[in-house]
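Before any comments, here is the structure.
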2 protein chains.
Amino acid sequence: MAEVRNADTRERILDAAERLFMAYGYDGTSMRQITGEASVNLAAVNYHFGSKEALIREVFRRRLDWLNEERMRVLDRLEAEAGGQPVKPSLIVDAFFGTLLRMADDEARGGMTFLRLLGRTLTEPSEFIRAFLAHEYKAVMDRFKEALFRALPDVPKAEIVWRFHFMLGATSYAIAGTDALRLVTDWQIEEEDSVDRLDRLVPRLMSFLIGGLRAPLPHFDPPGQ
Amino acid sequence: MAEVRNADTRERILDAAERLFMAYGYDGTSMRQITGEASVNLAAVNYHFGSKEALIREVFRRRLDWLNEERMRVLDRLEAEAGGQPVKPSLIVDAFFGTLLRMADDEARGGMTFLRLLGRTLTEPSEFIRAFLAHEYKAVMDRFKEALFRALPDVPKAEIVWRFHFMLGATSYAIAGTDALRLVTDWQIEEEDSVDRLDRLVPRLMSFLIGGLRAPLPHFDPPGQ
DNA sequence: CTATGATTCAAACGAACGTATGAATCATAG
DNA sequence: CTATGATTCATACGTTCGTTTGAATCATAG
């Protein structure tokens, strides 16, 4: 029995789908674009993955499995080194967002293409995609929220959750790419070539995130508290 | 000659399109959905607007024209009150992002629906939409960047532009709505009802944004500068 | 009332969509 | 070599897409 799955076809489809979903979105990318770019037959996607929905789930799973496990490993190590004490907030933020951003340099794990796809997809309209991501992210989110709760015992938990949310947004934009940056600027990012740009993006974004996370607490004007 | 355009049909189409584009995205919303929800004939969109592309442009123009003019007016007033001195960064940020967020309470100007649409659209894959938004935003962006340059003379301009970008991302996520928040939390936002939620979101987000904007500058590790 | 132009309407267009089918081709086990 | 099951392939299905058409309806000007 010949049971060896042709890994090459599967990978070629996943690579093409990753790139096209990043560029044109889920609804904006057709099966014929994907199979054309991957140089495989139109029926190959349904044969190997079952459907377009199942394909994009696999596109994400292929990268997110490793990413979220790596995030857990880094946080494990930080907590072990802290030996019972809470981990510093900046280290927790770096474990979550820094680990993500450093994927950009790792072409074997999707590199910048996957990062931009992920950045765009968190606001993706398609319900099933957001539901899928929420499910994939649940465990790692809970771990990191808990770590932040312990690291910032004086900050109300609701406030921490909101700031985590804000940090996700800032990061998504940052990695959604230069296209979105066109909203803010029209000059090419001056004196910086694109290799340099990423090296500088990480510390830039980290400063911003930590500054936001550690900002003075808001006070609510008229009614509540 | 009967030259009075039926404003009712146009407005009903725009309202339906705004709501549906918010919920399902541009590619995910069909003309038949829009005209069905608006209770108008299928051909009405092409008759009144020309095409689906022209329709979504009008959806945005209807709201953004006022928003960006209002932002300019607020900044005008702040600069007049400062009388030559630079305006405080927190006031500039509030003029830009606070003015946006306060639209949520103004149902006549789109309210929360338009805000969520805008939040989602800044990462919209469709090239022509981002190009259109960049064009619509150019003037107001330039004004606010200039104001921030003057307010923060010690911060490199490239740094300010990036941080503006990060602030846009955090805000987009915040207004893209509770759906995206599901990534971070699964509990209903506790003790807060949805009316209360918005009143608290604004000071929460503002604290975060100012904290990020005023964070210590990053230093770039190995090579450059 | 009549004429005119704006608007609405039902119906249809060709193109593109995701998916399914059954035969052809391939690699391997026996 | 033959048999088997995995994979590829060309082709087609039924649906939905955005847009167009030409007649019907409406409101107003003269």
Side-chain angles (χ1 to χ4, degrees), chain A residues 1-60 121 124-129 131-132, chain B residues 1-60 62 117 121 124-129 131-132:
Chain A
M1 60 208 78
E3 65 186 10
V4 174
R5 309 213 139 211
N6 187 335
D8 191 48
T9 297
R10 280 181 60 96
E11 293 297 309
R12 286 233 303 285
I13 291 173
L14 288 170
D15 289 343
E18 184 173 73
R19 205 191 66 77
L20 289 168
F21 285 146
M22 179 273 285
Y24 307 113
Y26 177 75
D27 288 319
T29 303
S30 72
M31 302 284 263
R32 285 164 180 82
Q33 280 180 273
I34 296 169
T35 53
E37 170 124 346
S39 299
V40 301
N41 187 270
L42 170 60
V45 171
N46 284 282
Y47 175 77
H48 283 284
F49 300 96
S51 69
K52 192 184 178 186
E53 277 200 19
L55 169 61
I56 195 175
R57 274 196 294 267
E58 191 56 35
V59 166
F60 279 107
T121 307
E124 169 77 32
S126 298
E127 167 61 22
F128 85 93
I129 297 182
F132 168 74
Chain B
M1 61 209 79
E3 64 186 12
V4 173
R5 308 214 141 210
N6 187 334
D8 191 48
T9 297
R10 281 178 60 95
E11 291 298 309
R12 287 233 302 286
I13 291 172
L14 288 171
D15 288 343
E18 183 172 74
R19 206 191 66 76
L20 289 167
F21 285 146
M22 179 272 285
Y24 307 112
Y26 177 75
D27 288 318
T29 302
S30 72
M31 303 284 263
R32 285 163 181 83
Q33 280 180 272
I34 296 169
T35 53
E37 171 125 344
S39 300
V40 301
N41 187 270
L42 171 60
V45 171
N46 285 282
Y47 175 76
H48 284 283
F49 301 96
S51 68
K52 191 184 178 185
E53 277 200 19
L55 170 60
I56 197 175
R57 273 196 295 266
E58 192 56 35
V59 165
F60 279 108
R62 179 171 68 146
L117 172 62
T121 308
E124 169 75 32
S126 298
E127 167 62 22
F128 85 93
I129 297 182
F132 167 74

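Residue numbers begin at 1 in each chain, while the letters A, B, ... track the order of the sequences.
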Q. According to the Watson-Crick and G-U wobble definitions, with both distances under 3.5 Å, which nucleotide is paired to C:dA27?
A. D:dT4

Q: Taking the side chain as every heavy atom from C-beta outward, state whether B:L55 and B:N46 have any pair of such atoms under 4.5 Å apart.
A: no

Q) Is it true that B:D8 and B:R12 have a side-chain N and a carboxylate O under 4.0 angstrom from each other? A) yes

Q.
Can you build the contact string for nucleotides 16-22 of chain D? Use B for base contact, S for sugar-phosphate-only contact, and - for no protein heavy atom under 4.0 Å.
A. -BBBBB-

Q.
Please evaluate residues B:R10 and B:E58 with respect to the criterion side chain to side chain contact (heavy atoms under 4.5 Å, CB included), reporting the C-alpha separation (whole Å), side-chain torsions for both, the decisive distance (0.1 Å), and the verdict.
A. CA-CA 10 Å; B:R10 281 178 60 95; B:E58 192 56 35; 4.2 Å; yes

Q: List the steps and the verdict of side chain to side chain contact (heavy atoms under 4.5 Å, CB included) for B:R57 and B:F49.
A: CA-CA 10 Å; B:R57 273 196 295 266; B:F49 301 96; over 6 Å; no

**Q.** D:dT8 OP1/OP2 closer than 4.0 Å to side-chain N/O of A:T9
**A.** yes

Q | Integer-rounded Å distance: D:dT7 P and A:R12 CZ | A | 14 Å

Q: Mark yes when over 12 heavy atoms from residues, nucleotides or ligands other than B:Y24 sit less than 6.0 Å from its OH; otherwise mark no.
A: no

**Q.** Rounded distance in Å - CD1 (B:I13) to P (C:dT7)
**A.** 11 Å

Q | A:H48 vs D:dA6: side-chain N/O to OP1/OP2 distance below 4.0 Å | A | no

Q: Grab the OH-P distance between A:Y47 and D:dA10 for me, whole Å please.
A: 17 Å

Q. In whole Å, what is the span from the OH atom of A:Y24 to the P atom of C:dC17?
A. 13 Å

Q. For D:dC17, what is the paired nucleotide under Watson-Crick or G-U wobble rules, both distances under 3.5 Å?
A. C:dG14

Q) How long is the line joining CG of A:L55 and C1' of C:dC17, in whole Å? A) 15 Å

(Q) Just so I know, are the side chains of A:T29 and A:M22 near enough to count as touching, which here means a heavy-atom distance under 4.5 Å? (A) no

